[in-house]
Amino acid sequence: MLEIKNLYSGYKELHILFDVNVKVNKNEITAILGPNGSGKSTLLKSIFGLTTIFNGEIVYEGRDITRIPPHSKTKLGIAYLPQTENIFTNLSVEENLKISGYTVSPDIYQERLELALSMFPELETKLKRKAGTLSGGERQFLAIAMALVRNAKLIMLDEPTAMLSPKFASMMFDRIKFLRDELKLTILLVEQNVLKALDISDRAYMLIGGRVVFDGKAKDLVNHEKFDQLCIGYTL
Amino acid sequence: MGVFDGAIIYANLLVLLSIGLTMTYITTSVPNFAQGSFAVFGSYISFTLFKLLKIHPYFSLPISFILGGLLGILTYLTVLRPLINKGASVVILMIATLAWDLILFGFIGIFSEYIGKITKSYATKFIFTPFDFKLFGLNGIFFVSMAVIILLLLFLFILLYKTKFGIALRASMENPNLAEVMGINVEYTRVFSWFLSGALAGIAGSLLPFKQEIVQSTGAMIIVSIFAASIVGGLGSIYGALLGGYLIGLSESLITFYLSKLFGTGVLVYSKVIPLIFLIITLLFIPQGLSSIKWERWRKLICLRA
């Protein structure tokens, strides 16, 4: 569904990613793992067009999308959820959902809204509330609900469980699985909670220093020689 | 014109100008020092249409709205966007608007000479008061400015809160990167905010000659009050511009009037000291402006004490 070929990218003059090759298959969860500063978030931003691409190619459903602007990528069915600031805190929950359906027709919007609210029922009673008053977990749920409303086929999640309580983090992983299993969506997941991420993922990539050092089945990553480096600071 | 109705008229027009300034500041981070000249541009549109085509200034408001809006777009596309794209800082953008203001000042001067020559009238200084109507003993501008402000605020409210594009505009103001992620073309919303800013200034400028005499440098004088209104209200909030516009507009007129009673009419020349005092006090004690005050907390505190 998505293929990244020999990607070199970064911010202005600064190179962060070097010769990155990633393949994301349809209806799978692909995890991007790596220590802090390895370029995981930069990879998602590069796919979405928020960085400087120095070289390489990004192909989505057979189409080269390397140079097209972010708002056009949204129309193609790609949703990107940044790690922070992924909702509009001054808008109400309802307005956030409405604005996320900016590019879809009213009929599809209504249908997707019902689906999103059925998946995140905790939002239904808070539609009129300012999104800035939601808890951390609810904000992440709203961010994913917004991606669903935009009729996304590929959802890129940047550390969706960061700063969540264990209860909300566990709920979040369950719902990411649900997106793949029930809604048949494709997920590209950047996550610090390595073991949980590997548990729900089909494929995994490990980045170190902006380069891919592992590429394979998620279950096989635990046997990689640098796996310990990946897990430093995290509970095994 | 009475003191109180004059103060309300002035405050109504200042609100339109400060909302425009605030809107472009939020969307493009540009402190637009040419906003006063945008208003004078509106004044000259009405003056020209009145002199050449005998269109009463009240009926030229839609034309001032559109041409003012186009001036806003021209300012953004030709001067500011190229600088923003090159990563210009706020200071550079501010200097660019100052330069643009001086260019407009020059053009307005040249135009006033030209229009004076072809209409054989005095165009470097004019006022519309003789052409106003009277109702219940008040000048028509009082009712017209009230109607215009109510209609435009209603229009802004419906636009910003009830339409998809308006919500997109607010989303772009809060977080342009995320808005882009949502599929919103943020650049359109920026261009639109400059259109709206110029259009509101155009309307305010068309009505201003009913309240005071317009000269080439009126823009340079009124910009002090516009900035004070926006900063006192809170540069990051349209609601703040509304609050600041009324506070500065009313206090500038009323305080100056009462001071002139005490110290003589010489005080009137220094009326701009009032908004500047408010501006300094705000920067010292409420740097984020009136809109940042959590009124609900104060209300609860007062209720608890009571």
Side-chain angles (χ1 to χ4, degrees), chain A residues 11-13 44-45 47-51 68-106 109 128 130-133 139 142-143 145-152 155-158, chain B residues 22-23 25-27 81 84-89 156-193 233-242 288-289 291-297 300:
Chain A
Y11 304 97
K12 290 186 179 168
E13 316 279 288
L44 295 196
K45 285 180 188 168
I47 296 168
F48 205 70
L50 300 171
T51 61
I68 70 170
H71 62 86
S72 302
K73 284 178 182 164
T74 302
K75 287 177 191 160
L76 294 175
I78 302 175
Y80 164 57
L81 273 71
Q83 188 179 347
T84 54
E85 296 186 4
N86 50 21
I87 58 167
F88 298 102
T89 53
N90 289 328
L91 303 189
S92 69
V93 171
E94 192 176 27
E95 285 174 332
N96 268 279
L97 291 164
K98 200 174 267 180
I99 211 62
S100 61
Y102 193 71
T103 55
V104 299
S105 69
Y109 168 73
K128 300 288 175 202
K130 255 192 175 185
T133 65
R139 284 180 186 213
L142 174 59
M146 286 161 74
L148 286 178
V149 168
R150 348 197 233 287
N151 209 8
I155 300 183
M156 303 194 291
L157 300 164
D158 193 355
Chain B
T22 301
M23 195 169 261
Y25 181 77
I26 298 172
T27 52
R81 190 166 72 171
I84 292 169
N85 288 345
K86 285 181 181 171
S89 66
L156 276 179
F157 176 77
I158 291 169
L159 174 79
L160 292 174
Y161 289 88
K162 302 290 173 195
T163 69
K164 207 167 162 181
F165 180 75
I167 299 171
L169 192 63
R170 282 164 57 216
S172 305
M173 286 176 182
E174 183 185 329
N175 188 339
N177 291 335
L178 184 61
E180 189 92 22
V181 166
M182 296 296 154
I184 297 165
N185 190 333
V186 175
E187 198 49 42
Y188 283 164
T189 64
R190 287 180 182 145
V191 172
F192 183 77
S193 73
L235 256 178
S237 157
I238 290 173
Y239 158 68
L242 182 71
Q288 301 298 317
S291 60
S292 68
I293 299 173
K294 306 279 181 224
W295 299 104
E296 190 60 17
R297 260 188 223 166
K300 280 180 185 165

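Letters A, B, ... are given to chains in the order of the sequence lines, protein chains preceding strands, and every chain is numbered from 1.
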Q.
Would Thr89(A) and Glu174(B) count as a side-chain contact (heavy atoms from CB on, under 4.5 Å) here? Give the steps.
A. CA-CA 8 Å; Thr89(A) 53; Glu174(B) 183 185 329; 2.8 Å; yes
**Q.** Test side-chain contact (heavy atoms from CB on, under 4.5 Å) applied to Leu91(A) and Ile167(B), step by step
**A.** CA-CA 8 Å; Leu91(A) 303 189; Ile167(B) 299 171; 3.8 Å; yes
Q.
The test is side-chain contact (heavy atoms from CB on, under 4.5 Å); show your working for Arg170(B) and Asn90(A) and say whether it passes.
A. CA-CA 9 Å; Arg170(B) 282 164 57 216; Asn90(A) 289 328; over 6 Å; no
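Residue-environment remark: CD (Glu94(A)) exceeds the threshold of 12 foreign heavy atoms within 6.0 Å. The environment of Tyr188(B) atom OH is sparse: at most 12 non-hydrogen atoms of other residues, nucleotides or ligands sit within 6.0 angstrom. Environment of OH in Tyr161(B): sparse, with no more than 12 heavy atoms of neighbouring residues, nucleotides or ligands closer than 6.0 Å.
Annotation: the span from Leu178(B) atom CG to Met146(A) atom CE amounts to 6.0 Å, rounded to 0.5 Å. Atom CD of Glu95(A) sits about 13.5 Å away from atom NZ of Lys164(B), to the nearest 0.5 Å.
At a 4.5 Å heavy-atom cutoff, the contact between Glu180(B) and chain A is made by backbone and side-chain atoms alike. With a threshold of 4.5 angstrom between heavy atoms, Phe48(A) approaches chain B through side-chain atoms but not through N, CA, C or O. Only the backbone of Ile87(A) comes within contact range of chain B, with at least one heavy atom under 4.5 Å from a heavy atom of that chain. Interface remark: Ser92(A) contributes no atoms to any contact with chain B (heavy atom separation under 4.5 Å).
Side-chain contact between Met182(B) and Tyr102(A) is absent, with no heavy-atom pair separated by less than 4.5 Å. Residues Arg150(A) and Val181(B) are in side-chain contact: their nearest non-hydrogen atoms beyond the backbone lie under 4.5 Å apart.
Of all the heavy atoms in Ala171(B) and Ile99(A), the pair that sits closest is CB-CG1, 4.2 Å.
No side-chain donor-acceptor contact under 3.5 Å links Glu85(A) to the backbone of Asn175(B).
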